[in-house]
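First comes the structure, then the notes that go with it.
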2 protein chains.
Amino acid sequence: MYMPRYVDETARRRLIAEATMRLVAADGLQAASVRRIADEAGLSMGSLRHYFRSQDELIVYTMRLIRDRVRDRIQKLDLPPDDPVAAATTLLSELIPLDRDRMAEFEVWLALSGRSLVNPALAEVREQSDTDIRRLCERVVRWFCGDAEDERIRLETERLYALVDGLALHRAMQPDATTTEAVVATLRRHLEALRGD
Amino acid sequence: MYMPRYVDETARRRLIAEATMRLVAADGLQAASVRRIADEAGLSMGSLRHYFRSQDELIVYTMRLIRDRVRDRIQKLDLPPDDPVAAATTLLSELIPLDRDRMAEFEVWLALSGRSLVNPALAEVREQSDTDIRRLCERVVRWFCGDAEDERIRLETERLYALVDGLALHRAMQPDATTTEAVVATLRRHLEALRGD
DNA sequence: CCTGTTTTAGCACAGTTGTGCTACAACGTG
DNA sequence: CACGTTGTAGCACAACTGTGCTAAAACAGG
């Protein structure tokens, strides 16, 4: 018994998923056909289908990959333990596409989120991500008003979560109408107000 | 010279656009093919193409129709002049899909907004709508802190706008994770905080 | 070398896509 | 009625879609 595996399967999958992301970021989800993805990845159709049995599987993998990357980035942040406002700003800034790369990534995420409304497998990935982000927001809220009653915490969590996603959405949709500084300032303003009352 | 027009062209266009909305709401933008739209509208392909020379034209018309309807609804609201919190809640609630019909409408809007990232004609419609909503938010902000300096007004406008769009997005994406009451309560909380400081 | 497995390549097929086009039915006006 | 415009119907076409499939190349172990 032997196993002649001479390619890194995971790396190949990532290569393909990244080609998919480039296409979706540039021309939308409709541009992500199997043939075009294979082309963009520098592979043949047959080779691509060796790693993903169907297009659906590939799309789901791509969305999972983005989710995992965001998770990793947040995991690896080191936050100043003595400055809640700065820590929260750093943390939540990670959820808003401030630079070019993150914007492309977020655009792909948005496109896949859109399709998740009609694709259960994608919906599951999105829901997991939603839960993560909501927990993150709750954590932040507790830094600022940890002694408040549960109902208040819940409300402020939803408020912060909505603000973050709204800022991210606007940043993606109107990249020229906003600046990094303005977004961060808005975030900071909200956090300070949260502490204030 | 005579003009035998025996059908209401605008009504026909709306009929087609509404069929499009139903399809997009149910199965996403990818399901909105010319043939399926014609079927859903109860027309033939040829007839449809008599009212819209291309699919693109139809899609743009559909997005414009939604934008105009939202505008009209907001225009027709009568707001209590003596209660800013109630007035603002009424106004902004119109931007968040609280009932079934608005949710479907908003899902279509989201799908079209997504495509607007790669379709200039759609992008124009979206930008107009963005401007409208931003003005609306600014108006509301001025009710609460009209005496603040411009920079503050601008920041609070962006904050409110992001909150509203975030709430709308969450409502559309996770219809079961939120209730109408919770959304309205969050909105009210924000407005009261706006007045508070 | 040979054997067995993995990987690559790409054709085949049936189905769908948007749009161009022609033919005819429906209708108000003269 | 007949003319001319408007509306409807749907075929034709080339392009593209996802997936099934076969065949061969690349490689590791014997």
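Within every chain, numbering begins at 1; the chains are lettered A, B, ... in the order of the sequence lines, protein sequences first and strands thereafter.
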Practice item. Can you tell me which residue pairs pass the side chain to side chain donor-acceptor pair (under 3.5 Å) test with a partner in residues 26-42 of chain B, sequence neighbours excluded? Key: B:Arg22-B:Glu40
Can you list, pair by pair, the side-chain donor-acceptor contacts under 3.5 Å of residues 95-111 of chain B, counting residues two or more places apart and other chains?
unit_1: B:Asp99; atom_1: OD1; unit_2: B:Asp101; atom_2: N; d: 3.3
unit_1: B:Asp99; atom_1: OD1; unit_2: B:Arg102; atom_2: N; d: 2.8
unit_1: B:Arg102; atom_1: NH1; unit_2: B:Glu94; atom_2: OE2; d: 2.4
unit_1: B:Glu105; atom_1: OE1; unit_2: B:Arg73; atom_2: NH2; d: 2.8
unit_1: B:Glu105; atom_1: OE2; unit_2: B:Arg73; atom_2: NH1; d: 3.4
unit_1: B:Trp109; atom_1: NE1; unit_2: B:Ser113; atom_2: OG; d: 3.4

Exercise for review: Please state how far atom NE2 in B:His50 lies from atom P in C:dA26, giving the value in whole angstrom units.
Suggested key: 16 Å
Check your understanding: What residue pairs, at least two apart or across chains, pass ring-ring contact (aromatic ring centres under 6.0 Å, His included) with a residue in residues 51-101 of chain A?
Key -> A:Phe52-A:Tyr61
**Study point:** Nearest-Å distance for atom pair CZ/C1', residues B:Arg12 and D:dA9
**Key:** 13 Å
Check your understanding: Looking only at side-chain N and O atoms, does A:Arg36 come under 4.0 Å of OP1 or OP2 in D:dC16?
Key -> no
**Study point:** Length of the CD1-P vector between A:Ile16 and D:dG18, whole Å
**Key:** 14 Å
Review point. How many Å lie between CD on A:Gln30 and P on C:dT16, as a whole number?
Key: 19 Å
Practice item. Please check if atom CG in A:Asp78 has more than 12 non-hydrogen atoms from other residues, nucleotides or ligands closer than 6.0 Å. Key: no
Practice item. Using a 4.0 Å cut-off on protein heavy atoms (strictly under), produce a 5'-to-3' string for nucleotides 18-24 of chain C with B for base contact, S for backbone-only sugar-phosphate contact, and - for none. Key: BBBB---
Revision key, fill the gap. Taken to the nearest whole Å, CZ/A:Phe52 to C1'/C:dT8 is 16 Å
Pairs of donor and acceptor atoms involving the side chains of residues 175-187 of chain B, under 3.5 Å and at least two apart or interchain, shall be tabulated with distances.
unit_1: B:Thr178; atom_1: OG1; unit_2: B:Arg171; atom_2: NH1; d: 3.3
unit_1: B:Thr179; atom_1: OG1; unit_2: B:Ala182; atom_2: N; d: 3.0
unit_1: B:Thr186; atom_1: OG1; unit_2: B:Ala182; atom_2: O; d: 2.7

Check your understanding: Is any side-chain nitrogen or oxygen of A:Tyr51 closer than 4.0 Å to OP1 or OP2 of C:dT8?
Key -> yes
Point to revise | Separation of D:dC16 P from A:Ile37 CD1 (nearest whole Å) | key: 16 Å
Study note, to complete from the structure: Applied to residues 148-184 of chain B, the ring-ring contact (aromatic ring centres under 6.0 Å, His included) test, sequence neighbours excluded, yields A:Tyr161-B:His170, A:His170-B:Tyr161
Review point. CZ of A:Arg13 versus C1' of C:dT8: gap in Å, rounded?
Key: 16 Å
